[in-house]
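Quick note: residue numbers are just sequence positions, from 1. Reckoned from all heavy atoms, side chains included, excluding hydrogens, waters and symmetry mates.
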Amino acid sequence: GGVEVIVALIGLFCVPQVLSMAEKAREQEGLVLYKPEPGCTRRTMMFVLRQWSNLVRSSVIGVIVGIIPGAGGNVAGLLSYQETVRAASFKDKDSFGKGNIQGVIASETANNAAVEGSLVPLLTLGIPGAPQAAVLFGALLLHGLRPGAELFTGHGAEITYTFILSLFLANAMMFIIGISASRIYARALNLPTNLLMPVVLALSVVGAFAGRNSPFDVGMMLVLGLIAYAGMKVGLAAAPIALGVILGPIMERGLVESMMLSRATGSLTELLFTRPLSLLLVFLTVISVAWPFIIKNWARWRGNAPDEALIVKPKAKSGVVSHVAANIWLGIPGLALAALTVSRLTDVELQTAVVPGVCAALIALVSVGLLVKAAVLHAEGTEETAPKARKAERGPAMAALGISVGYVALMPYVGFFSTTFVVLVSLGWILASPDTRKKQLARNVLTAIFVCAAFYGVFSKIFNVPFPEGFLY
């Protein structure tokens with residue numbers, strides 16, 4: 001049960017970008033215009049190496065998170081990204097999420113470091129902290145080796161140090177392949193948006209379905225994507241939601257275990273707030289939450305705060321909905337979800353109900369805040385700060401939204417390949433400019449055939465992913 005992490009990540013990060021691409025499909029031929037520049041790779045490498053503070057901080061975060069079993073690279077990347085945003089100057093904070101290379105450096109460095117960190121519990125305790133470590137664990141067992149002290153003594157040491165050294169070789173090969181093929185990968189940015197957007201949507205559906213072969217996961221991916229898209233319009237980032245989905249089960253399991261231990265000690269408060277380690281973690285949590293406010297007030301007290309008039313405050317993004325409408329779209333379903341959650345927890349044990357109850361209360365609080373903000377913006381007449389979508393943007397985006405919903409709803413009954421072919425052709429037609437639709441129709445049909453054939457060959461034949469067949473195919 002529950003929402004799979006990969007489903008949540010695809011919905012929170014891919015679907016909003018797909019709908020954003022649909023908004024601009026008729027205005028731009030591709031996402032960006034890629035032009036190879038001599039020496040660009042060398043300049044980029046030198047720039048990355050000069051960001052030593054970001055590299056060190058992200059590497060430390062990645063190793064520490066990797067040591068914690070069950071966290072993995074997703075948590076490491078998100079935490080490192082958030083810490084990089086915190087460490088950025090006031091002027092640079094607004095550029096994150098819009099292509100700031102510091103965010104890319106942070107997340108990728110921590111993601112790679114988490115893999116090496118996951119080897120620590122594997123080699124010492126026999127606990128794989130990541131899927132990659134689980135694969136190595138299986139390989140060690142096939143050679144008759146059990147993680148622990150024997151791995152570093154006798155015959156086991158030869159194999160252990162061999163695969164440790166092989167990690168250096170793997171990183172070197174990744175570097176060579178990445179440098180060589182990056183120019184080829186980058187050319188995908190030149191693809192027309194009306195072709196790229198439906199392909200990304202189809203890949204998102206495949207990724208969500210392949211985990212448990214469940215159409216419910218595909219629907220959940222689309223729902224989370226619509227929530228993230230509406231949140232993007234009002235300035236709510238998807239990264240904290242993804243982090244909550246990843247860490248939520250770990251936190252709930254730890255809280256339930258603590259409540260069970262409290263029955264033996266007699267008090268949950270005594271268990272959580274009297275031990276030195278618990279007090280240290282609580283203190284670090286409070287400091288982490290209050291740190292942005294501390295830094296802001298400290299800079300203001302020292303007289304180093306930037307002039308408010310010079311700060312470019314981010315405006316709400318225009319798109320399918322306005323700022324007020326997006327607040328309402330998020331607020332009303334949020335209150336309904338919170339009420340439904342509370343109603344279902346009436347007959348549930350306290351240990352099982354405490355985390356969902358707290359989450360429902362927080363969702364209700366945020367939803368009320370969004371509705372109040374929408375009412376204030378409407379009363380003050382400040383809607384012009386979030387301009388309504390132009391007709392040229394609203395039409396394609398709403399069409400893409402409707403086709404996406406129909407795609408997810410009809411796929412289990414009609415069949416994956418039939419619906420995917422229709423979606424690729426129809427979105428390619430709708431998102432193209434009216435002047436070029438007829439000229440691009442043949443190209444859209446050939447692209448749809450090629451994509452469906454690639455899905456069939458790669459996912460169905462090589463990876464044996466069972467797609468929904470329906471009454472067609």
_Using side chain to side chain donor-acceptor pair (under 3.5 Å), reason through Ser20 and Tyr229 one step at a time and then give a plain yes or no._
CA-CA 8 Å; Ser20 298; Tyr229 179 72; 5.5 Å; no
Any side-chain heavy-atom pair from [X] and [Y] closer than 4.5 angstrom?
X      : Y      : answer
Leu330 : Ser367 : no
Val63  : Val120 : no
Val405 : Leu222 : yes

_For residues 235-246, which residue pairs pass the salt bridge (charged side-chain N to carboxylate O under 4.0 Å, His left out) check, not counting sequence neighbours?_
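Every candidate salt bridge (charged side-chain N to carboxylate O under 4.0 Å, His left out) pair involving residues 235-246 fails, so no pair, neighbours aside, qualifies.
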*Is the backbone N or O of Ala106 less than 3.5 Å from a side-chain atom of Ser80, with the two atoms forming a donor-acceptor pair by type?*
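Yes; judged by distance alone, with no hydrogens or angles, the pair exists.
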*asked:* Checking the side chain of Asn112 only, and the main-chain atoms of Glu108 only, is there a donor and an acceptor separated by less than 3.5 Å?
replied: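 Yes: the side chain of Asn112 pairs with the backbone of Glu108.
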*Presence of salt bridge, Arg212 and Glu4, under 4.0 angstrom*: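 Answer for the salt bridge query: yes.
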*Among all residues two or more places apart in sequence or in another chain, which pass the ring pair (Phe, Tyr, Trp, His ring centres under 6.0 Å) test with Phe421?*
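Partners of Phe421 under the ring pair (Phe, Tyr, Trp, His ring centres under 6.0 Å) test: none.
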_Please find the pair of heavy atoms, one from Thr341 and one from Pro356, that lie closest to each other, and give the distance._
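So the two residues come closest at CG2-O, 3.9 Å.
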*Of the non-hydrogen atoms in Gly334 and Ile363, which two are nearest, and what is the gap between them?*
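Taking Gly334 first and Ile363 second, the nearest heavy atoms are O-CG2, 3.4 Å.
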*List the steps, then state whether side chain to side chain contact (heavy atoms under 4.5 Å, CB included) holds for Thr109 with Ile61.*
CA-CA 9 Å; Thr109 301; Ile61 292 175; over 6 Å; no
_Within the 3.5 Å criterion, strictly below it, is a donor on Tyr81 or Ser58 matched to an acceptor on the partner's side chain?_
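Side chains of Tyr81 and Ser58: no pair found under 3.5 Å.
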*Residue among Leu226, Val18, Val15 satisfying side-chain contact (heavy atoms from CB on, under 4.5 Å) with Leu401*: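 With Leu401 as partner, side-chain contact (heavy atoms from CB on, under 4.5 Å) holds for just one option, Leu226.
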*Pair Phe455-Phe417, ring-ring contact (aromatic ring centres under 6.0 Å, His included): steps then yes or no*: CA-CA 9 Å; Phe455 284 165; Phe417 293 102; 7.6 Å; no
*Between Ser460 and Asn464, does a side chain to side chain contact (heavy atoms under 4.5 Å, CB included) hold up when you go through it step by step?*
CA-CA 5 Å; Ser460 183; Asn464 295 320; over 6 Å; no
*What's the verdict on side chain to side chain contact (heavy atoms under 4.5 Å, CB included) for Leu431 and Thr193, showing C-alpha distance, side-chain angles and the deciding distance?*
CA-CA 8 Å; Leu431 298 181; Thr193 306; 5.8 Å; no
